[in-house]
Undergrad: 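Structure in structure tokens, see below.
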2 protein chains.
Amino acid sequence: MTQATEHAPDDDAVITRSGAFADRDAWTAQGWCSIERALEVMGTRSTMILLREVYYGANRYEDLARRTGLSEAVTAARLKQMVADGLLTRRPYREPGARTRSEYVLAPRGRQLFPLVVALMEWGGSLDGPRGGVELAHADCGGRLGAAVRCEQGHDVSLAETEARIVRREPHRGAAKE
Amino acid sequence: MTQATEHAPDDDAVITRSGAFADRDAWTAQGWCSIERALEVMGTRSTMILLREVYYGANRYEDLARRTGLSEAVTAARLKQMVADGLLTRRPYREPGARTRSEYVLAPRGRQLFPLVVALMEWGGSLDGPRGGVELAHADCGGRLGAAVRCEQGHDVSLAETEARIVRREPHRGAAKE
DNA sequence: CACCTGGCTTTTGTCGGCCGAAGTCAGATG
DNA sequence: CATCTGACTTCGGCCGACAAAAGCCAGGTG
């Protein structure tokens, strides 16, 4: 749960700003914040809840509408938008004696949201609710899942060790990783 | 980026449902989903953006309003709500020759959102935008940060190895872990 | 003690998310 | 060829998120 702690107690730690970002007020460009960009796509409740059901293996329009409890109008609109945003892919299928229909499966960009989904579930589950709920576990060992912050070298990283820096349109790896 | 891969290619993997949750339609209790619970608190854009600025070290009302670009009305309302939800704590301070004011610092529950913040930034940054932006790095080694899914035993866990199960109000660790 | 300033609160209006119900449409069935 | 069904679309209507602007108040300054 707690990150690697050989540094100071995290109690007051925040992200360190470096370079041009050190003076926070000098940096007010539009669209710099990847959180805002992410929220433009993932920002609505219906998107997250539909994604949840797809992660749980629901693929068809009717199942998705029923299990999420969303209205058909919103389900249809959101699914269309999620396909356009690259979260889901339409895949045709055909049951015997029925016409061809399409089901919705995770696209790479949707699958890359796995840590976010886990982080959200973990945090939501830690809120003191009297009710139980669903939690995720490692099938192999049964241990509960959680999201951890790591760097490319594999080190666990705490808030106190985190630094924010500005990048200038480096070619994004992972975007075309189809 | 990709999880441990000695299993099948993740291309069609979803979360495995076990126990009473195996029949997804039989389980329709309200409030079971920790994602929905998390979204009740974190579900608005303004909450995430304010949290971002606090993570970047902004603590005072005026700074928060200006740097987030939110209106003062929303800033005040949201800060109050975030304090009530346990994300932030008010802390009084006093500048020489000014009256006592209060600033907003991360509370434990807000600090526990670190993996979520990182996951959101990482994913948002991977969306092909022509513009650069801010990214996070490990201060010690300079490596980029990302969110990873792990179990309690420390194993990296892929989607294919993930299992969902129902828990019955086990005492939540981490809630009172101050 | 009148004034200023910073930290909110209130008011008004717009926009988008969501629901519920009704309408559309294509293709399989009888 | 009429009918049915599943997958949407369209049409009000409500409600919460947010912006802009004005008002309020406590405490420090002249």
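If you're wondering where the values come from, they're calculated on a predicted model, not measured in any experiment. Chain A is the first sequence line, chain B the second, and so forth, proteins listed ahead of strands; every chain is numbered from 1.
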Undergrad: Do A:R99 and C:dA26 share a donor-acceptor pair, side chain to base, under 3.5 Å?
TA: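 When only heavy-atom distances are counted, A:R99 does reach the base of C:dA26 through a donor-acceptor pair under 3.5 Å.
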Undergrad: Assess whether a salt bridge exists between A:R144 and A:E122, defined as any Lys/Arg side-chain N lying under 4.0 Å from an Asp/Glu carboxylate O.
TA: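 No, no charged N to carboxylate O under 4.0 Å.
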Undergrad: With sequence neighbours left out, which residue pairs that include part of residues 72-97 of chain B fulfil the ring-ring contact (aromatic ring centres under 6.0 Å, His included) condition?
TA: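 Of all non-adjacent pairs touching residues 72-97 of chain B, none passes ring-ring contact (aromatic ring centres under 6.0 Å, His included).
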Undergrad: Could you check how far CZ of A:R45 sits from P of D:dA17, rounded to whole Å?
TA: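 Rounding to the nearest Å, CZ of A:R45 and P of D:dA17 are 13 Å apart.
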Undergrad: Just checking, any donor-acceptor pair under 3.5 angstrom between side chains of B:S46 and B:R78?
TA: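 B:S46 vs B:R78: donor-acceptor pair found between side chains.
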Undergrad: Nearest-nucleotide wise, let me know which of A:G69 and B:A76 is further upstream toward the 5' end of DNA chain C.
TA: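 Final value for this comparison: B:A76.
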Undergrad: Establish, from distance only, whether the side-chain atoms of B:T75 and B:E72 form a donor-acceptor pair under 3.5 Å.
TA: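 Side chains of B:T75 and B:E72: no pair found under 3.5 Å.
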Undergrad: To the nearest Å, how far apart are B:L70 CG and C:dC8 P?
TA: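 My rounded result for the distance is 15 Å.
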Undergrad: OP1, OP2 of D:dC8 versus side-chain N and O of A:Y104: anything below 4.0 Å?
TA: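 Yes.
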Undergrad: If you pin A:A73 and B:T100 to their nearest nucleotides in DNA chain D, which one's is more 5'?
TA: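 This one resolves to A:A73.
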Undergrad: Let me know the distance between CE of B:M42 and P of D:dA17, rounded to the nearest Å.
TA: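 Taking atom P of D:dA17 as the reference, CE of B:M42 is at 14 Å.
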Undergrad: Assess whether a salt bridge exists between A:E36 and B:R45, defined as any Lys/Arg side-chain N lying under 4.0 Å from an Asp/Glu carboxylate O.
TA: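 Answer for the salt bridge query: yes.
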Undergrad: Whole angstrom is fine here: how far is it from CZ in A:R66 over to P in D:dA7?
TA: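 Checked: the CZ to P distance equals 11 Å.
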Undergrad: Rounding to an integer number of Å, can you tell me how far B:E36 CD sits from C:dC18 C1'?
TA: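 One finds 14 Å between C1' of C:dC18 and CD of B:E36, rounded.
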Undergrad: Nearest of D:dA19, C:dC8, C:dT9 to any side-chain atom of B:K80?
TA: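 So the side chain of B:K80 is nearest to C:dT9.
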Undergrad: For DNA chain C, which residues of residues 46-65 of chain A approach it to below 4.0 angstrom with any heavy atom?
TA: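 Within this stretch, A:S46 sit under 4.0 Å of the strand.
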Undergrad: Quick check for you: among D:dC8, C:dT9, C:dG20, whose closest atom lies nearest to any side-chain atom of A:E72?
TA: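 Nearest listed nucleotide: D:dC8.
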Undergrad: Fit a plane to each ring of B:Y56 and A:F21, take the angle between them on a 0 to 90° scale, and name the class: parallel (under 30°), tilted (30 to 60°) or perpendicular (over 60°).
TA: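 Ring orientation, 0 to 90° scale: perpendicular.
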Undergrad: Is there a donor-acceptor contact under 3.5 Å linking the side chains of A:R165 and A:S18?
TA: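 Absent: no donor and acceptor within the cut-off.
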Undergrad: Can you measure A:E40 atom CD to D:dC18 atom P for me and round it to whole angstrom units?
TA: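 So the two atoms are 14 Å apart, to the nearest Å.
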Undergrad: Between A:Q81 (CD) and D:dC8 (C1'), how many Å, whole number?
TA: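 In whole Å, D:dC8 C1' lies 16 Å from A:Q81 CD.
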Undergrad: Would you indicate, yes or no, if C:dA28 has its OP1 or OP2 atom less than 4.0 angstrom from a side-chain nitrogen or oxygen of A:R94?
TA: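 Yes, such a contact exists.
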Undergrad: Phosphate oxygens OP1/OP2 of C:dG27: is one of them under 4.0 Å from a side-chain N or O of A:R101?
TA: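 Looking at the OP1 and OP2 atoms of C:dG27, neither is under 4.0 Å from any side-chain N or O of A:R101.
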